[in-house]
2 protein chains.
Amino acid sequence: MRIGELADAADTTTKTLRYYEAIGLLPPPDRAPNGYRDYPEAMLWRLDFIRRGQRAGLSLAHIGEILRMRDTGQPPCAHVDALLANRLTELDQQIADLIQLRQTVTALHHTSRAADPATCHAEAICTNL
Amino acid sequence: MRIGELADAADTTTKTLRYYEAIGLLPPPDRAPNGYRDYPEAMLWRLDFIRRGQRAGLSLAHIGEILRMRDTGQPPCAHVDALLANRLTELDQQIADLIQLRQTVTALHHTSRAADPATCHAEAICTNL
DNA sequence: ATGAACCTTCCAGTACACTGGAAGGTCAAG
DNA sequence: CTTGACCTTCCAGTGTACTGGAAGGTTCAT
């Protein structure tokens, strides 16, 4: 399987695949006599795993950690479990922060809608913030 | 007011102030005979405005737009109003996305907690993702 | 006079996940 | 035999808001 075919099959780009290889997310594939990369089918699994990890909000660095544990024969399941638990805590914090911010912005927006345009002089700093 | 004093008063760094000047967020200040920047008190207002804008989740680019409108004598109030309305829409989307992601991660995490370690072989790709 | 604490400019790096483009090699179809 | 679609490497840029550091000038206290 050449890189373009793999990219199509995995719904990504050749640029991205070479990038993943460069950062150690994909192992260096065999090369055809002409120097072209030659991927086995299994790469589709790996890319799918990467996609699933990304959809769970894991960084490529995290996903790489898991992949490299697996590659060296270490079952990464406990690690994955910890990563997910961690991610959940982060998500809760992020959601709480955004909801807090939403309240702030809503209040600001109410003020700005209520502002009398006549009191809005360019010389003064905008009081709506 | 020298740059270090302004930085202290505004609770930021001289690096940040020079950076703000470079991207056009702060006007080039007067210089003392020795070449040192000499800021008027009013810069504290401006920095405070920038801080408030950031707290509302506006980018420095957005804040700069408002500031430059004001600087050229255009009342930016209507613009600020639009920016805030926009920000609100974005926030709602971001919050919805994160809540959706939280559900996905929770489900994944339940699966991983329930997984039998005996079925977790290093050879297989981790099935918890 | 010397050392610390300021200030100046400019260049480059951080994190993240790519993306763009140049310069060149390879291969099948028409 | 040339055109076009592939492939290769390498270097550099995207966006965001800074941050670090080098190399040098200034000011003040001791």
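Residue numbering restarts at 1 for every chain, and letters A, B, ... go by the order of the sequence lines.
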**Asked** Counting side-chain heavy atoms from C-beta on, which of C:dA17, D:dC18, C:dC7 comes nearest to B:L60?
**Response** D:dC18

**Message:** Can you measure A:D38 atom CG to D:dC7 atom P for me and round it to whole angstrom units?
**Reply:** 12 Å

**Request:** Report the distance from atom CZ of A:R18 to atom C1' of D:dC11, rounded to the nearest whole Å.
**Result:** 14 Å

**Asked** Is it true that A:R46 and A:D71 have a side-chain N and a carboxylate O under 4.0 angstrom from each other?
**Response** yes

**Message:** Quick check: do A:F49 and A:I66 have side-chain heavy atoms less than 4.5 Å from each other?
**Reply:** yes

**Asked** Does B:G4 or A:A61 map to a spot on DNA chain C nearer the 5' end, using the closest nucleotide for each?
**Response** B:G4

**Message:** C:dC6, OP1 or OP2 - any side-chain N/O from B:R2 closer than 4.0 Å?
**Reply:** no

**Item:** Basic-acidic side-chain contact under 4.0 Å: B:R18, B:E21
**Value:** no

**Request:** Please state how far atom CD1 in B:I3 lies from atom P in C:dC6, giving the value in whole angstrom units.
**Result:** 13 Å

**Message:** Any side-chain N or O of A:Y19 below 4.0 angstrom from OP1/OP2 of C:dC16?
**Reply:** no

**Request:** Could you check how far CG of B:L47 sits from P of D:dC18, rounded to whole Å?
**Result:** 11 Å

**Message:** With a cut-off of less than 4.0 Å, is there a side-chain N or O of B:Q54 near OP1 or OP2 of D:dC18?
**Reply:** yes

**Complete:** Between B:P33 and A:G35, whichever has its closest DNA chain D nucleotide further toward 5' is A:G35

**Request:** Let me know the distance between CG of A:L6 and C1' of D:dC7, rounded to the nearest Å.
**Result:** 14 Å

**Request:** Between A:Y36 and A:K15, name the one whose nearest nucleotide on DNA chain D is closer to the 5' end.
**Result:** A:Y36

**Message:** Could you walk me through whether B:L67 and B:I50 satisfy the side chain to side chain contact (heavy atoms under 4.5 Å, CB included) test, starting with their C-alpha distance in whole Å, then the side-chain angles of each, then the deciding distance to 0.1 Å, before giving a yes or no?
**Reply:** CA-CA 9 Å; B:L67 248 17; B:I50 293 172; 3.9 Å; yes

**Request:** For A:I63 and C:dC16, give me the distance from atom CD1 to atom C1', rounded to whole Å.
**Result:** 12 Å

**Residue-phosphate contact under 4.0 Å: B:R37 side-chain N/O, C:dC7 OP1/OP2** = no

**Request:** Let me know the distance between CD of B:E21 and P of D:dC18, rounded to the nearest Å.
**Result:** 15 Å

**Prompt:** Roughly how many Å is it from CG in B:L26 to P in D:dC18, rounded to a whole number?
**Reply:** 11 Å

**Request:** Using modelled atom types only, decide if a donor and an acceptor are shared between the side chain of A:E5 and the backbone of A:R2 within a distance under 3.5 Å.
**Result:** yes

**Asked** Does a side-chain N or O from A:T16 land closer than 4.0 Å to OP1 or OP2 of C:dT19, or not?
**Response** yes

**Asked** Between D:dT8 and A:N34, is there an OP1 or OP2 to side-chain N/O distance shorter than 4.0 Å?
**Response** no

